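One structure is given below, encoded as structure tokens.
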Amino acid sequence: MDVSIRQINKCDWQIFRSVRLKALKTDPNVFGSNFEKESKLTDQEWRDWINADNCCIFMLFDQQRPIGMTGIFTSEKESEKDSAFFWGSWLEPEYRQKGLSERMYKTRIKW
């Protein structure tokens, strides 16, 4: 297993969309959104999501294969700028219980 994690950028929007929609389909109870809603997002809305100034999205890859995602965002309110919120963590089932969640957690904290 050769797993890496990296911050994605606007060029990665299709990978993010694919993984996010798969996650919403396979594990709908762990998200604050749903497949029906997000499957209707436009290509530009996916790009904008990745490019938001107050948000960072990381993808996990086993070599070139995307296997998971996680995100963090800060509030847009000036009074809450020192707080960050984790969201959207998901891993392919066969990669769970291998310490990758800790790696995602540490990556978000470092950001």
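Nothing here was measured: the structure is a model prediction, and the numbers come from that model. Below, all heavy atoms of this structure are taken into account, side chains as well, without hydrogens, waters or symmetry copies.
- Once rounded to the nearest 0.5 Å, the distance linking SG of C55 with CD of Q7 reads 9.0 Å.
- Distance check, rounded to the nearest 0.5 Å: CD1 of I50 to CH2 of W13 gives 9.0 Å.
- Residues W90 and V19 have side chains in contact (heavy-atom distance under 4.5 Å, counting atoms from C-beta outward).
- Counting only heavy atoms from C-beta outward, the side chains of R6 and F61 approach each other to under 4.5 Å.
- Partners of D27 according to the salt bridge (Lys or Arg N to Asp or Glu O under 4.0 Å) rule, which considers only residues two or more places apart in sequence or in another chain, are R96.
- Looking at F31 and W87, their side chains never come closer than 4.5 Å, going by heavy atoms from C-beta outward.
- Aromatic rings from F73 and F86 are positioned such that their centres are separated by 6.0 Å or more.
- In this structure, CE in M104 is found 6.0 Å from CG in L60, a value given to the nearest 0.5 Å.
- Rounded to the nearest 0.5 angstrom, D53 CG and T74 OG1 are separated by 9.0 Å.
- Looking at T107, its side chain does come within 3.5 Å of a backbone N or O of R103 through a donor-acceptor pair.
- The line from CD1 of I57 to CG of N51 is 9.0 Å long, rounded to the nearest 0.5 Å.
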Kindly indicate, with the supporting measurements, whether the criterion side chain to side chain contact (heavy atoms under 4.5 Å, CB included) is fulfilled by L100 and V3.
CA-CA 9 Å; L100 296 173; V3 175; 3.8 Å; yes
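- Considering only heavy atoms from C-beta on, L91 comes within 4.5 Å of S101 through its side chain.
- Residues passing the side chain to side chain contact (heavy atoms under 4.5 Å, CB included) test with Q64: none are found, sequence neighbours excluded.
- The CD1 atom of I67 sits 5.0 Å away from atom OH of Y95, with the distance rounded to the nearest 0.5 Å.
- Counting heavy atoms of neighbouring residues, nucleotides and ligands inside a 6.0 Å radius, atom CD of Q44 exceeds 12 of them.
- Checked against salt bridge (Lys or Arg N to Asp or Glu O under 4.0 Å), E92 has the following partners two or more places apart in sequence or in another chain: K22, R65.
- A search for side-chain hydrogen bond (donor to acceptor under 3.5 Å, both in side chains) contacts involving S89 returns T70, R108, not counting sequence neighbours.
- When all heavy atoms of R20 and G88 are compared, the closest pair comes out as NH1-CA, 3.8 Å.
- Under the 4.5 Å side-chain criterion, counting only non-hydrogen atoms from C-beta, E38 is in contact with W46.
- Proximity of the aromatic rings of F16 and W49 is defined here by a centroid distance below 6.0 angstrom, and this criterion is met.
- Of all non-hydrogen atoms in S39 and L21, the two that sit nearest each other are N-CD2, 3.7 Å.
- Annotation: salt bridge (Lys or Arg N to Asp or Glu O under 4.0 Å) contacts of K40 (sequence neighbours excluded): E36.
- Sequence neighbours left out, the pairs with a member in residues 42-51 that pass salt bridge (Lys or Arg N to Asp or Glu O under 4.0 Å) are R17-D43.
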